[in-house]
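Note that the structure is predicted; figures quoted are calculated from it, not measured. Every chain is numbered from 1 and lettered A, B, ... according to where its sequence line falls, protein lines coming before strand lines. The analysis underlying the following values was restricted to heavy atoms, covering all of them including side chains, and did not include hydrogens, waters or symmetry mates.
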Number of protein chains: 2
Amino acid sequence: MKLNNTSQYAIRILAYIADHKEKTLFSATELSNELSIPYKFLTKIMTELVKADFIESIRGREGGFKLKKDASEIKVDDILNIFNDSIKDEECILGIGFCNGMCKCALHDQWMEPKLLMQRMFRESSLRDIAGKGCKI
Amino acid sequence: MKLNNTSQYAIRILAYIADHKEKTLFSATELSNELSIPYKFLTKIMTELVKADFIESIRGREGGFKLKKDASEIKVDDILNIFNDSIKDEECILGIGFCNGMCKCALHDQWMEPKLLMQRMFRESSLRDIAGKGCKI
DNA sequence: TTTTAATTCTACCTTTAAGTAGTAATTAAA
DNA sequence: TTTAATTACTACTTAAAGGTAGAATTAAAA
Ligand code: SF4
Ligand code: SF4
């Protein structure tokens, strides 16, 4: 009942970048150190964030990464979608049925509310909203 | 953002048994067929439910499984605990901090509400509550 | 007593997530 | 132009979840 590691890392990386507006460029080494994310794993994630067009990369010496969109335009849910980790509408707590209310599973009624809350949390929170919120992100 | 397969299976198995009060004994073959759970995987899970004392097993020909406790005494959360899949108090949506409010992660405030709702859903729902709720469990 | 239908035990296989290693490509500074 | 610092690419390794196979054990029925 949790986000996978890759998603957690990606959110923390983007939130960190959005949070430090005074800087313009962030190297993989800095991000790895500051966020305690294994360097090699982080670079792999960065590549995906670049492909997803959330991050722009500058290659070569003095290069690095920076946000490609405004922080208010990147929702947490967009990040989760890259890693196929967002909460699908048809996602069922017991893994049967289709969450369409036609054929309910035993926990359906109790599951709808937290599910919707989580979907809203992810869909409505932008990087701008969460940047600066963590005390040691 | 979902329960693991084993937990889902275990809940559905126990709910099925609790739901069919007219029967006294359920064989692994029946449970496997009715619930579409791979036979060999199901027997593995049954063994754990027996060890956890939720299920009593009768070995040998004409044997099978039955509930060992009253359905109202088994909470969904108890089942999740067997497979280390319940939502811990200190569980953080971003995998940092300790959810103690001292050092918040960026999504802390928005995470508390769905988290508590899910904990309550699992802790307060007994087999008795959910048995008979599913249309094709 | 033998057979048969059931659970239990031990061990293995497969898939996916997580993480690591090495090298190539790029580019600015020296 | 060389060097150093950086991202990008390809491939491998490890750990955990999910699933499978087969033989051992049990006990009722035939
Ligand atoms: S009962 Fe509800 S939660 Fe469960 S599978 Fe069906 S639609 Fe999804
Ligand atoms: S900020 Fe809150 S949710 Fe996030 S890790 Fe800390 S305690 Fe957990």
For this session: Provide the Watson-Crick or G-U wobble partner of C:dA30, both distances under 3.5 Å; none if there is no partner.
Result: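 Paired with C:dA30, as far as the under-3.5 Å criterion goes, is D:dT1.
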
For this session: Check which hydrophobic residues are tied to A:Leu25 through side-chain heavy-atom contacts below 4.5 Å, counting indirect links as well, and list them.
Result: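 Answer for A:Leu25: A:Ile58.
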
Exercise. Under a criterion of less than 4.0 angstrom to any heavy atom of chain A, what are the 5'-terminal and 3'-terminal contacting nucleotides of DNA chain C?
Worked result: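 Footprint of chain A along DNA chain C, 5' to 3': C:dA18 to C:dA29.
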
For this session: Output every pair passing side chain to side chain donor-acceptor pair (under 3.5 Å) with a member in residues 20-32 of chain B, not counting sequence neighbours, ordered by first then second residue.
Result: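 Every side chain to side chain donor-acceptor pair (under 3.5 Å) pair that includes a residue of residues 20-32 of chain B, provided the two are not neighbours, is B:Tyr16-B:Glu30, B:Lys23-B:Glu30.
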
Exercise. Under 4.5 Å between any side-chain heavy atoms of A:Ile55 and A:Ile13, yes or no?
Worked result: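 Result no, sub-4.5 Å side-chain heavy-atom pair not found.
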
Exercise. With sequence neighbours left out, which residue pairs that include part of residues 54-73 of chain A fulfil the salt bridge (Lys or Arg N to Asp or Glu O under 4.0 Å) condition?
Worked result: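 Counting only pairs at least two positions apart or across chains, the salt bridge (Lys or Arg N to Asp or Glu O under 4.0 Å) contacts touching residues 54-73 of chain A are A:Asp53-A:Lys68.
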
For this session: Could you note down all residue pairs passing salt bridge (Lys or Arg N to Asp or Glu O under 4.0 Å) where residues 110-130 of chain A supplies at least one of them, sequence neighbours left out?
Result: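 Counting only pairs at least two positions apart or across chains, the salt bridge (Lys or Arg N to Asp or Glu O under 4.0 Å) contacts touching residues 110-130 of chain A are A:Asp89-A:Arg123, A:Arg120-A:Glu124.
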
For this session: Summarise how protein sits on nucleotides 7-18 of chain D as a single string, 5' to 3': B when a protein heavy atom is under 4.0 Å from the base, S for sugar-phosphate-only contact, - for no contact.
Result: BSS--------S

Pairs of donor and acceptor atoms involving the side chains of residues 42-52 of chain A, under 3.5 Å and at least two apart or interchain, shall be tabulated with distances.
unit_1: A:Thr43; atom_1: OG1; unit_2: A:Lys40; atom_2: O; d: 2.9
unit_1: A:Thr47; atom_1: OG1; unit_2: A:Thr43; atom_2: O; d: 2.9

Show me the donor-acceptor pairs, under 3.5 Å and distance only, between side chains in residues 2-9 of chain A and residues at least two apart or in other chains.
unit_1: A:Asn4; atom_1: OD1; unit_2: A:Thr6; atom_2: N; d: 3.4
unit_1: A:Asn4; atom_1: OD1; unit_2: A:Ser7; atom_2: N; d: 2.9
unit_1: A:Asn4; atom_1: OD1; unit_2: A:Ser7; atom_2: OG; d: 2.8
unit_1: A:Asn4; atom_1: ND2; unit_2: A:Asp85; atom_2: OD2; d: 3.4
unit_1: A:Ser7; atom_1: OG; unit_2: A:Asp85; atom_2: OD2; d: 2.9
unit_1: A:Gln8; atom_1: NE2; unit_2: B:Ile93; atom_2: O; d: 3.4

For this session: Under the ring pair (Phe, Tyr, Trp, His ring centres under 6.0 Å) rule, collect the residues that match up with B:Tyr39, sequence neighbours excluded.
Result: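 Ring pair (Phe, Tyr, Trp, His ring centres under 6.0 Å) list for B:Tyr39, sorted by chain: empty.
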
